[in-house]
Each structure stands twice: as structure tokens, then as C-alpha cells.
Amino acid sequence: MQSREMPAEGRLLVALSGGADSVALLCVLLDLGYDCVAVHCNFHLRGDESNRDERFVHDLCRKRDVSCFVKHFDVSAYMQAHHVSVEMACRELRYRWFEEMRREQRCAAIAVAHHLDDNVETFFLNLFRGTGVAGLSGMRPRNGRVIRPLLCVGRHDIERYLCEKGEDYVVDSTNSESDYARNKIRNKIMPVVRECFPAAEQGIKATMDNLSGCKAVFHQAIDAYRRRMVSKAGQCVRIDCALLADAADGKSTVLHELLMPYGFNSTQSALIGRAVATGRTGAVFEALGYVAEIGRGVILIHARSECARDESEWRFSLDRISDLPVNLSVSVVERNENFSFLRDGSIAYFDESILTETLTLRHWREGDRFRPFGMRGSKKLSDYFSDHKFSRLDKERTWLLCSGGAVIWIVGERSDNRFCLDKTTKSVLVVNFFPTKSESN
């Protein structure tokens, strides 16, 4: 029992599957005097066996006078809705429910029955998939509200303890199958490892303990890099590539650690690092919830929701502009000897006589073109954005003012030469743009 990680007081929510590990966990905690509440998940993945486990848990809790709560889950529906594997679906469902129950039952922590053998299997899983110091240091005895009191003891110790107590438990028949990666390690790899190295588990445990110390030092260094290299501009996270280059041989590791909180895996981090090194400005990489874009000397990270293209249109006439999504003011003035231009990108001037009565405000679309002020030929907006180093988020946020389907102004940027004033212009439409703080970043 890893007592230093145990709460000093308060109730404990115990995840009780009915297997040897969780039964031993509940018995140990009760014998130590902890006030326990049991929770059991029925995922209905093993037919009658799943219902057998539920009945066993109820009987055990009744015998030990422990409150027991059971929840039934539709794993298939969750997998389809969230596009995840069986293992990931079960993990997300149970931990989300555990936290709900912890709050409802006012428990200090959630106790789960992971033990040393589980941690060794996790070590190998992470090793084979590719990982860093954190992955090789294994599961922690405490992770937020989740505690693992049995992490220091092996499966053999647990079964011997239950045998001495005369305590029964159920056996999951799928544990003997090798369909899942963890079961392959448990049933095929570990028996060979133990045969060659009888003290393998203890050796791996010592390695994981050492790596946990290395991890603490490593994270201190990464935090120092993060403070130097990472900044925020509005909702955009920026990683300074020049400072990243100073990390020399360790820059790929540093970049991976800086990107990891945003859902980018080691393969994606390597691709992003290669794009930075080869100067692929404008390259875009997507993770589950974020988008990384290579800018000039910077990596820009945006939430994917921020980058979603808004196809909405706002049509308005000059005498009614109060419902627009941006702050614009519009006025029509006579062009006379007192008229003068203000050289300000937030103000645009148009020949009012060649505009349609209804104007449109929208975001850019593939194929949009305009004739930049001062130029004779037309240009794709996407090319204009690239030439002027617009980030992906900049492009999606930029507003276009249109007349009769034609783009007359990239709002706050540049107007279209076809609608500018000439010697015959008598009436001038003046449009002022007042950007908010987020629009000006």
C-alpha cells in the first residue's frame, strides 16, 4: 500500500469490477478503516459474464456493508459517436462517471486497483509505441483525484492475500485471450521475460522509479523553455522558431513537449519540426482539437473551432447596418473641394454610383478574386493572403465587403481598384472599420 498518496481523511470511491485486484483493494481499504463507496461499470461486452460480475459485486458489497452503485453503458454507441476504440471508449466512460460519483458522494479520491504487473505492461506498451520519459515512468500512485494504492504490489501478492482471507472473486475470461495489445504483453511476452529474468518486474519498477525522478527534472527544463518560447496573442499560441533553434540537438524533444498539450503526437511533432527546418511557411497540421500552422519564424497554434470556416452572409442596405457581426460605420458624402482622404487601412472609399443598393459582408471562399487597389489585373484572395503572410486563422477571421457578388474591400486591408474614386465620382461611400481587440491581434 502506497500510504503517502492516500488521503488523510474522507470517503473513498472504489472502482470495483469483481476481479481479484479490485476485490483486494476494497478489502484492504476497509480493513484499514476507510469509509468506502463502491462503483461498478457494466459495459455488456461479455454477455452473461458481465451480468455475473454485477451480481457478484452486489453480493460482496452487501456482505461488507458497503454502498454500491452500478451503471450500464452502451459502448458501441459511444464508439460510433466519438470514433474511438473499445478500450478508449470504456476508459472515457468509466472515468467520467467515476468523477461524477465522486462529487455526488463527496469522496476525497477515486481508488483504482492498478498494480505492479499492470504498470510493467504499461511500460512495455509505451515502449513499443514510442514514448519519452513520462511514458516510461509508468502510472503514478496518484494522478489528480485518482489514486492507485496497490501499484507497489504484484498480481501474485494480491492472489495470495485473497487466498489467506478466504475471499472469492470473479475471473474475466477475456484475460486469457490475446486479442488486445495489453493481453499480448501479459500472456505472451511477460512469461518469456520472467523465464529469462526472474526478477524482471522489480528491475523494471526500479527503472520506472528512477525515470520518475528524471521526469521531474526534465519537466522543470521544459517549463523553462516554455516560458521563453511560447506566448499568446488573443486565442493564438505562438512558438518562437528562432529560440527553438537555440535548443540545438534537443530541439525536436523540446518541440514535442511544447506541442503535446495541444494533442500533437510524436509523429506530428516531427513533421512540424521538419516543416520549420525547410521553411514550409503556410503548412498546416491538425490534431484532434487544434491546428498548427507554420508562419514566418513562428509556429501558430489555434483551436480548431477558431479555424472553422463561417459560410454565413449578412446583407444590408446603407441605411440599416446595426445587425452586422463587425463594427462598421457607413456614410455617403459629396465629393467637392473640401473632400480629402485619410490614409488609414481601417477606412475605405468607394464610388457610390457604381455600387448595388444592397451590400454583403462575409468571409472568403475558394475561388474569390479581387483587383487590389493600384493594380490593373485581378488576383486570387488566397494568393493575396499568402503574399501578405496571413495565418490560417487570419484568413478565416477576415471579413469581405461585397457588392453584387464582387469583393470591394478586404475589410481593414485593401479595397478593389474597380470601385475606387475617379474624376467623375460625385458621391463617395465612406466605410469605417472599428476592430475589436481580438480582431486587431
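Other residues, nucleotides and ligands contribute over 12 non-hydrogen atoms within 6.0 Å of the CZ atom of Phe69. Around CZ of Arg238, the count of heavy atoms belonging to other residues, nucleotides or ligands within 6.0 Å does not exceed 12. In the displayed structure, Arg52 atom CZ is contacted under 6.0 Å by more than 12 heavy atoms of other residues, nucleotides or ligands. No more than 12 heavy-atom neighbours from other residues, nucleotides or ligands sit within 6.0 angstrom of CG on Asp48. The 12-atom threshold is exceeded at CZ of Phe339, counting heavy atoms of other residues, nucleotides or ligands nearer than 6.0 Å. The local environment of NZ in Lys379 is crowded, with over 12 non-hydrogen atoms from other residues, nucleotides or ligands closer than 6.0 Å.
Pairs of residues two or more places apart, or lying in two chains, that qualify as salt bridge (Lys or Arg N to Asp or Glu O under 4.0 Å) and include a residue from residues 270-291 are Glu286-Arg304, Glu286-Arg392.
Partner Ile294 forms a side chain to side chain contact (heavy atoms under 4.5 Å, CB included) with one of Thr278, Val284, Ile299 and no other, that one being Ile299.
Ring geometry for His44 against His72 counts as parallel: the plane angle stays under 30°, on a 0 to 90° scale with 60° as the upper cut.
Salt-bridge formation is detected for the pair Asp172/Arg46: a Lys NZ or Arg NE/NH1/NH2 atom is positioned less than 4.0 Å from an Asp or Glu carboxylate oxygen. For the pair Arg148 and Asp118, the salt-bridge criterion is not met [side-chain N within less than 4.0 Å of a carboxylate O]. Between Glu352 and Arg335 there is no salt bridge, since none of the side-chain N atoms of the basic residue sits less than 4.0 Å from a carboxylate O of the acidic one.
In summary, the side chains of Tyr384 and Glu413 do present a donor paired with an acceptor at a separation below 3.5 Å, with no hydrogens or angles considered.
Taking the six-membered ring for Trp and the full ring otherwise, Tyr78 and Phe73 have centroids separated by 6.0 Å or more.
Of all heavy-atom pairs spanning Arg362 and Cys402, the tightest one is NE-SG, 3.8 Å.
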